[in-house]
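Take a look at the structure set out below.
All residue numbers refer to positions in the sequence shown, counting from 1.
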Amino acid sequence: MNKYEILYIIRCDIEDDRKTQVVEKYNALAEKLGTLESADVWGMKKFAYEIDKQTEGYYVLMNVECDAAAQAEIDRQMGIDDNVVRRMIIKK
């Protein structure tokens, strides 16, 4: 089991309820595939540059302990989700 830090950005133009659903979805996925150590919602932040014609996004940081296959699945799920603008996964 490896420890990963996962930072992802959710689109700012969706409703607050939908943002909460996306956060809960990935928290549940992390718990299902491994151990969710912490999930910290940073909220709305401005981008340094424009991404997909947007200037800000909803940031979430998760610390997860899981194996490499589970990390790849989380990355795959975030990659195909239209609500996730960017994601970054770092092995600790």
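Rounding to the nearest 0.5 angstrom, the gap separating the CD atom in Glu56 from the CZ atom in Phe47 is 8.0 Å. One distance of note links CD of Glu5 with CG of Leu61; it measures 5.0 Å at 0.5 Å rounding. Distance CE/Met62 to CG/Leu7: 10.0 Å, rounded to 0.5 Å. Annotation: the span from Ile89 atom CD1 to Ile6 atom CD1 amounts to 4.5 Å, rounded to 0.5 Å. Note that the SG atom of Cys66 and the CD atom of Glu31 stand 12.5 Å from one another [nearest 0.5 Å]. Distance CD1/Ile9 to CE/Met78: 11.0 Å, rounded to 0.5 Å.
At least one side-chain heavy atom of Val23 sits less than 4.5 Å from a side-chain heavy atom of Tyr58. Residues Asp75 and Arg87 form a side-chain contact, since some pair of their non-hydrogen atoms from C-beta on lies under 4.5 Å apart. Between Tyr26 and Asp81 the shortest side-chain heavy-atom distance falls below 4.5 Å. No side-chain heavy atom of Gln71 sits less than 4.5 Å from a side-chain heavy atom of Lys91.
The backbone N or O of Gln54 sits nowhere less than 3.5 Å from a side-chain atom of Asp52 that would complete a donor-acceptor pair.
The environment of CD in Glu15 is sparse: at most 12 heavy-atom neighbours from other residues, nucleotides or ligands sit within 6.0 Å. Residue Lys25 places its NZ atom among more than 12 non-hydrogen atoms of other residues, nucleotides or ligands, all under 6.0 Å distant.
Between Ile10 and Val85 the shortest heavy-atom distance is C-CG2, 4.1 Å. The two residues Arg18 and Asn83 have their closest heavy-atom pair at NH2-ND2, 3.0 Å. Contact record, Ala68 with Asn2: N-ND2, 4.5 Å, taken as the closest heavy-atom pair. Nearest heavy-atom pair, Gly57 versus Cys12, reported as atom, atom and distance to 0.1 Å: CA-CB, 4.2 Å.
Hydrophobic clustering keeps Tyr49 apart from Met44 (ILVMFWY residues linked when any side-chain heavy atoms are closer than 4.5 Å, directly or through intermediates).
Aromatic ring pairs are classed by plane angle as parallel below 30°, tilted from 30° to 60° and perpendicular above 60°; the pair Tyr59 and Trp42 is parallel.
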(message) Pair Val41, Lys19 - check side-chain contact (heavy atoms from CB on, under 4.5 Å), show working.
(response) CA-CA 11 Å; Val41 176; Lys19 289 175 190 168; over 6 Å; no
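The residue from Leu33, Leu29, Val84 that alone fulfils the side chain to side chain contact (heavy atoms under 4.5 Å, CB included) condition with Gln77 is Leu29.
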